[in-house]
Undergrad: 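One structure coming up, written as structure tokens, with questions to follow.
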Amino acid sequence: QVQFVESGGGLVQPGGSLRLSCTASGSGFSIHTMGWYHQAPGKQRELVATITSTGTITYGDSVKGRFTISRDHAKNTVYLQMNMVKLDDTAVYYCYTEVTRGLLNSRFAYWGQGTQVTVSS
């Protein structure tokens, strides 16, 4: 099992900034991809950003130019720098990872518990 520690969520004003972090812990695995998805009430869970072990980054259309994802490979930690936040960024943000483990290099996906981000004046 992979455990997550997510931090950085909270209340922020429109146009402001917030920085989320997520650290994956456990043993016997290697991370392939880490990232963030968010989900607002009554809506589908949506891609925010992901980053692979080789550095390939994918952003959701709604956050391009405003959010930046980065990773500390040695610490199994991913960060999301959220700038110029908007009201519709309000959502629960879930840390996500795909890992490989075992002799057969099997791949598994895991979700964090989520952290609330509220954009409000």
Side-chain angles (χ1 to χ4, degrees):
Q1 296 292 313
V2 176
Q3 302 294 321
F4 296 100
V5 177
E6 298 165 292
S7 65
L11 180 65
V12 61
Q13 293 184 340
S17 296
L18 205 64
R19 180 178 166 90
L20 306 183
S21 67
C22 174
T23 298
S25 63
S27 63
F29 65 84
S30 178
I31 291 177
H32 180 267
T33 302
M34 293 191 76
W36 297 90
Y37 289 71
H38 67 193
Q39 187 169 21
K43 297 183 179 180
Q44 299 284 90
R45 191 168 298 186
E46 184 180 61
L47 169 71
V48 177
T50 58
I51 183 168
T52 72
S53 59
T54 57
T56 301
I57 294 172
T58 302
Y59 290 107
D61 289 341
S62 67
V63 308
K64 289 179 180 177
R66 300 187 298 120
F67 294 3
T68 303
I69 191 169
S70 61
R71 178 177 172 182
D72 185 332
H73 293 81
K75 296 182 178 180
N76 290 332
T77 298
V78 65
Y79 305 93
L80 184 70
Q81 180 65 46
M82 305 169 61
N83 295 328
M84 299 178 289
V85 298
K86 303 175 180 179
L87 293 178
D88 59 2
D89 293 326
T90 296
V92 177
Y93 284 70
Y94 295 92
C95 187
Y96 170 83
T97 189
E98 294 180 12
V99 307
T100 57
R101 66 161 120 255
L103 187 63
L104 299 179
N105 203 34
S106 302
R107 186 176 293 187
F108 303 87
Y110 296 92
W111 295 93
Q113 182 176 347
T115 184
Q116 177 71 44
V117 172
T118 301
V119 182
S120 176
S121 60

Undergrad: About how many Å separate OG1 of Thr50 and CZ of Arg71, when rounded to the nearest 0.5 Å?
TA: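 Reported value, rounded in 0.5 Å steps: 10.5 Å.
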
Undergrad: Does Gln113, at its CD atom, have more than 12 non-hydrogen atoms belonging to other residues, nucleotides or ligands within less than 6.0 Å?
TA: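 At most 12 heavy atoms, drawn from other residues, nucleotides or ligands, come within 6.0 Å of this atom.
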
Undergrad: If you look at every heavy atom in Gln13 and Val85, which pair is closest and at what distance?
TA: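 The pair with the smallest heavy-atom distance is O-CG2, 3.3 Å.
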
Undergrad: Looking at residues at least two apart in the chain, or sitting in another chain, which of them share a side-chain contact (heavy atoms from CB on, under 4.5 Å) with Arg19?
TA: Tyr79, Gln81

Undergrad: Sequence neighbours left out, what passes side-chain contact (heavy atoms from CB on, under 4.5 Å) with Ser121? Give chain and number order.
TA: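 Ser121 satisfies side-chain contact (heavy atoms from CB on, under 4.5 Å) with Pro14 only.
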
Undergrad: Going by the ring pair (Phe, Tyr, Trp, His ring centres under 6.0 Å) test, which pairs reach into residues 4-46, not counting sequence neighbours?
TA: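 For residues 4-46: Tyr37-Tyr96, Tyr37-Trp111, His38-Tyr93.
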
Undergrad: Indicate the atoms forming the closest heavy-atom contact of Gly9 with Leu18, along with that distance.
TA: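 Where Gly9 meets Leu18 most closely, the heavy atoms are CA-CD2, 4.3 Å.
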
Undergrad: Hey, quick one: are Val99 and Val5 part of the same hydrophobic cluster, counting side-chain heavy atoms closer than 4.5 Å, chains of contacts allowed?
TA: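 Val99 does not cluster with Val5.
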
Undergrad: Enumerate the disulfide (SG to SG under 2.5 Å) contacts for residues 11-97, please, sequence neighbours excluded, ordered by first and then second residue.
TA: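 Counting only pairs at least two positions apart or across chains, the disulfide (SG to SG under 2.5 Å) contacts touching residues 11-97 are Cys22-Cys95.
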
Undergrad: Are Leu87 and Val12 joined in one hydrophobic group, where the rule is that I, L, V, M, F, W and Y side chains link up if heavy atoms are under 4.5 Å apart?
TA: yes

Undergrad: Determine, step by step, whether Ser25 and Asn76 satisfy the side-chain contact (heavy atoms from CB on, under 4.5 Å) criterion, reporting the C-alpha distance in whole Å, the side-chain angles of both residues, the deciding distance to 0.1 Å, and the verdict.
TA: CA-CA 7 Å; Ser25 63; Asn76 290 332; over 6 Å; no

Undergrad: Calculate, to the nearest 0.5 Å, the distance between atoms CD1 and CD1 belonging to Ile51 and Ile57 respectively.
TA: 4.0 Å

Undergrad: How far does CD of Glu6 sit from OH of Tyr94, to the nearest 0.5 angstrom?
TA: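 Output value for this atom pair is 9.0 Å.
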
Undergrad: Are Thr23 and Thr77 close enough that a side-chain donor and a side-chain acceptor fall under 3.5 Å?
TA: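 Side-chain D/A pair, Thr23 to Thr77: present.
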
Undergrad: Could you go through the side-chain contact (heavy atoms from CB on, under 4.5 Å) check for Thr90 and Gln116 one step at a time?
TA: CA-CA 8 Å; Thr90 296; Gln116 177 71 44; 4.0 Å; yes

Undergrad: Let me check something: any side-chain donor-acceptor pairs from residues 61-70 under 3.5 Å, sequence neighbours excluded? List them with distances.
TA:
{"from": "Asp61", "atom 1": "OD1", "to": "Lys64", "atom 2": "NZ", "distance (Å)": "3.1"}
{"from": "Arg66", "atom 1": "NH1", "to": "Met84", "atom 2": "O", "distance (Å)": "3.0"}
{"from": "Arg66", "atom 1": "NH1", "to": "Asp89", "atom 2": "OD2", "distance (Å)": "2.8"}
{"from": "Arg66", "atom 1": "NH2", "to": "Ser62", "atom 2": "O", "distance (Å)": "2.8"}
{"from": "Arg66", "atom 1": "NH2", "to": "Asp89", "atom 2": "OD1", "distance (Å)": "3.1"}

Undergrad: For the atom pair CE (Met34) and CG (Leu80), what is the distance rounded to the nearest 0.5 Å?
TA: 12.0 Å

Undergrad: Of the non-hydrogen atoms in Ile31 and Ala24, which two are nearest, and what is the gap between them?
TA: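 The pair with the smallest heavy-atom distance is CD1-CB, 4.1 Å.
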
Undergrad: Where is the tightest heavy-atom contact between Val92 and Gly114, given as atom of each residue plus distance?
TA: CG1-CA, 3.8 Å

Undergrad: Run the side-chain contact (heavy atoms from CB on, under 4.5 Å) test on Leu20 and Val117 for me, step by step, so that the C-alpha distance in whole Å, both residues' side-chain angles and the decisive distance to 0.1 Å come before the verdict.
TA: CA-CA 9 Å; Leu20 306 183; Val117 172; 4.1 Å; yes

Undergrad: How close do Ala91 and Ala40 get, counting heavy atoms only, and between which atoms?
TA: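 In terms of heavy atoms, the two residues are closest at CB-N, 3.9 Å.
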
Undergrad: Show every salt bridge (charged side-chain N to carboxylate O under 4.0 Å, His left out) that has at least one partner inside residues 103-120, sequence neighbours left out.
TA: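 Applying salt bridge (charged side-chain N to carboxylate O under 4.0 Å, His left out) to every pair that reaches into residues 103-120, excluding sequence neighbours, yields Glu98-Arg107.
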
